[in-house]
Amino acid sequence: MTIPIIGIIGPTATGKTAVGIELAKMIGGEIISADSMAVYKGMDIGTAKPTIEEQAEVKFHLIDIIDPDEEFSAVIFRNIAYNIIDDLISKDKIPIVVGGTGLYIKALTGGYNIPEAKPNEKLRDKLSSLAKIHGNEFLLNKLKAIDPITANKLHCNDINRIIRAIEVFSVTGKPISYFHQTEGSSEFPYQIRLFGLSVSRETLYKRIEDRIDCQIKDGFIDEVKLLLENGYNKNIHSMKALGYKHIASFLSGECDFDTAIDLFKRDTRRFAKRQLTWFRGMSEIEWIDAENYSKNEMCEQIIKSIKN
RNA sequence: GCCGGGAUAGCUCAGUUGGUAGAGCAGUGGACUGAAAAUCCACGUGUCCGCAGUUCAAUUCUGCGUCCCGGCA
């Protein structure tokens with residue numbers, strides 16, 4: 001019997017990493033992190049990365065691969081992940097994808113046909129200043145002229161997507177909707193089974209708050225301080241991550257400590273809610289009760305399920 | 001104990017010259033195709049403290065009660 005690739009997903013603070021490690025040890029796997037923030041070096045406590053000890057137990061891929069000011073994207077993630085999966089399978093190891101970044105999971109498995117149009121900063125700056133001068137509707141109308149299908153789906157304030165759609169057209173000469181329509185042409189070549197860790201909303205929010213309190217105790221503030229000292233200011237994308245931006249505004253005196261922590265917790269709750277929205281739309285996910293079962297029991301459930 | 005002020009959404013409060021009510025925050029739902037822990041959209045929630053009176057009609061006016069916050073003792 002061939003064991004499929006396993007995915008462990010779910011909102012933040014549900015224990016995905018712990019289950020992933022346990023499962024990897026039980027079935028002889030290695031972990032591929034699908035987490036847009038764990039890729040950055042030096043961002044450890046705030047991203048709840050596996051500890052050094054945990055990384056010694058099981059091999060983790062796609063964490064600590066770039067500096068906080070380097071470019072990264074869903075496509076880069078997918079390309080690297082593909083290579084690692086191929087490599088693991090050739091070595092008879094089971095790839096276990098663990099992470100909460102819905103777009104990355106979907107980019108990997110969902111047959112997205114993402115256009116090969118690299119970001120063009122100059123064009124982006126030009127378009128966004130155009131929007132500032134003439135208004136967002138102006139930009140949306142510009143898109144309507146070249147790609148009415150996409151323009152009709154987007155709200156005029158959804159400026160990032162409007163700009164991206166115009167960018168794709170200007171680079172490839174084809175509307176972005178053309179690529180969306182041909183979705184599925186790059187089908188994921190392996191079988192993957194996705195397991196979602198599920199916890200009641202109340203418990204989820206409690207766990208988020210507890211985890212943040214622990215992160216502060218574990219020295220998260222010093223971690224942010226060090227990043228700032230190393231020149232990674234809060235304008236770069238990675239520093240807009242949850243916690244990092246909040247602690248950075250506390251350190252710069254923009255708000256007091258309690259406010260920073262309250263906003264950190266609130267924004268993390270909102271993030272977890274958005275993750276839930278994303279995963280609800282993925283009907284292939286098999287949900288596991290992560291509130292009443294131990295990580296061992298969950299692993300047994302996963303193993304039992306993939307054998308059927 | 002006395003004198004004021006209050007009691008309205010989960011929280012902070014506004015309001016109704018009497019016709020059962022609305023902001024902010026919290027919360028909820030959705031979107032997402034090379035920034036995604038980012039970004040964008042949409043939406044509620046009510047014994048208006050209790051009881052009685054006046055009135056066609058009381059959350060609104062009157063009386064009593066309860067609780068809270070000031071001040072004086």
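Nothing here was measured: the structure is a model prediction, and the numbers come from that model. Chain naming here is simple, since letters A, B, ... match the order of the sequence lines and numbering starts at 1 in each.
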Item to check | Watson-Crick and G-U pairing of RNA chain B written in dot-bracket, each distance under 3.5 angstrom, with | for inter-strand partners | outcome: (((((((..((((.....[..)))).(((((.......))))).....(((((..]....)))))))))))).
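We find that the ring of A/H155 and the base of B/C40 do not stack by the test of centres under 5.5 angstrom and planes tilted less than 30°.
By the criterion of side-chain heavy atoms lying less than 4.5 angstrom apart, applied directly or through intervening Ile, Leu, Val, Met, Phe, Trp or Tyr residues, A/V168 is not grouped with A/L123; the two fall into different hydrophobic clusters. Residue A/V171 is not grouped with residue A/F179 when hydrophobic side chains (ILVMFWY) are merged at heavy-atom distances under 4.5 angstrom, including chains of intermediate members. A/I32 and A/I89 end up in the same hydrophobic cluster when Ile, Leu, Val, Met, Phe, Trp and Tyr side chains are linked at under 4.5 Å.
Nucleotide B/A35 holds its C1' atom 10 Å from the CD1 atom of A/I76, rounded to whole Å. Computed from coordinates, the A/I114 CD1 to B/C32 P distance equals 14 Å when rounded to whole Å. Rounded to whole angstrom, the span from the CZ atom of A/F77 across to the C1' atom of B/A35 amounts to 16 Å. If you take CG of A/N152 and C1' of B/A31, they are 15 Å apart, rounded to a whole angstrom. In this structure, the CG atom of A/L143 is 12 Å from the P atom of B/U33, given to the nearest Å. Counting to the nearest Å, the C1' atom of B/U39 and the CD1 atom of A/I162 are 12 Å from each other. Look at CZ on A/R78: it is 13 Å from P on B/A35, rounded to the nearest Å. Distance A/Y40 OH to B/A35 P: 10 Å, rounded to the nearest Å.
Residue A/E284 places its CD atom among more than 12 non-hydrogen atoms of other residues, nucleotides or ligands, all under 6.0 Å distant. Other residues, nucleotides and ligands contribute more than 12 heavy atoms inside 6.0 Å of the OH atom of A/Y205.
The pair A/K265-A/D213 meets the salt-bridge criterion, with a side-chain N (NZ, NE, NH1 or NH2) lying under 4.0 Å from an Asp/Glu carboxylate O. Between A/D210 and A/K206 there is a salt bridge, since at least one side-chain N of the basic residue sits less than 4.0 Å from a carboxylate O of the acidic one. Salt-bridge annotation for A/E209 and A/R269: present, with a side-chain N of the basic residue lying under 4.0 Å from a carboxylate O of the acidic one.
Among the heavy atoms of the strands lying under 4.0 Å from A/K118 is at least one base atom, whether or not backbone atoms are also near. Across all strands, A/G46 comes closer than 4.0 Å to base atoms (heavy-atom distances). Residue contacts shown for A/E71 are absent, as no nucleic acid heavy atom lies under 4.0 Å away. Within 4.0 Å (heavy atoms only), A/N160 reaches at least one base atom of the nucleic acid. Counting any heavy atom pair closer than 4.0 Å across all strands shown, A/Y104 reaches sugar-phosphate atoms only and no base atom. As judged by a 4.0 angstrom heavy-atom cut-off over every strand, A/F72 is placed among residues touching the sugar-phosphate backbone only.
Between A/F264 and A/H246, the ring-plane angle classifies as parallel under the 30° and 60° cut-offs. Classification of the A/Y104-A/F77 ring pair by plane angle, with boundaries at 30° and 60°, yields parallel.
On the C1' atoms, B/A57 is 7 Å away from B/G19, given to the nearest whole Å. Between B/U20 and B/C13, the two P atoms lie 26 Å apart (nearest whole Å). For B/C64 and B/G4, the P atoms lie 12 Å apart once the distance is rounded to whole Å. The same atom, C1', is picked in B/C61 and in B/A42; the two are 41 Å apart, to the nearest Å. Taking atom P on both nucleotides, B/C49 is separated from B/U8 by 6 Å, rounded to a whole Å. B/G65 and B/C2: their P atoms are spaced 10 Å apart (whole Å). Taking atom C1' on both nucleotides, B/U55 is separated from B/G18 by 9 Å, rounded to a whole Å. B/G50 and B/U66 have their C1' atoms separated by 7 Å, given to the nearest Å.
Between A/G100 and A/I159, the residue anchored nearer the 5' end of RNA chain B, judged by the nucleotide with its closest heavy atom, is A/G100.
Listed by residue number, the members of residues 262-282 of chain A with any heavy atom below 4.0 angstrom from RNA chain B are A/R266, A/R269, A/R270, A/F271, A/K273, A/R274, A/T277, A/W278, A/R280.
In the set B/G34, B/U28, B/A35, the nucleotide with an atom closest to the side chain of A/R201 is B/U28.
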Item to check | From CA spacing to verdict: side-chain contact (heavy atoms from CB on, under 4.5 Å), A/I247, A/L251 | outcome: CA-CA 6 Å; A/I247 298 301; A/L251 290 172; 3.9 Å; yes
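At a cut-off of 3.5 angstrom, counting only N and O atoms as typed in the model, there is a donor on one side and an acceptor on the other between the side-chain of A/R161 and the base of B/A38.
Of the side-chain N and O atoms in A/K106, none sit less than 4.0 angstrom from OP1 or OP2 of B/A36. Remark: A/N157 is in phosphate contact with B/C41, judged by side-chain N or O atoms under 4.0 Å from OP1 or OP2. The side chain of A/R164 contributes no N or O atom lying less than 4.0 Å from OP1 or OP2 of B/A35.
At a threshold of 4.5 Å between non-hydrogen side-chain atoms, the residues A/F60 and A/T17 count as touching.
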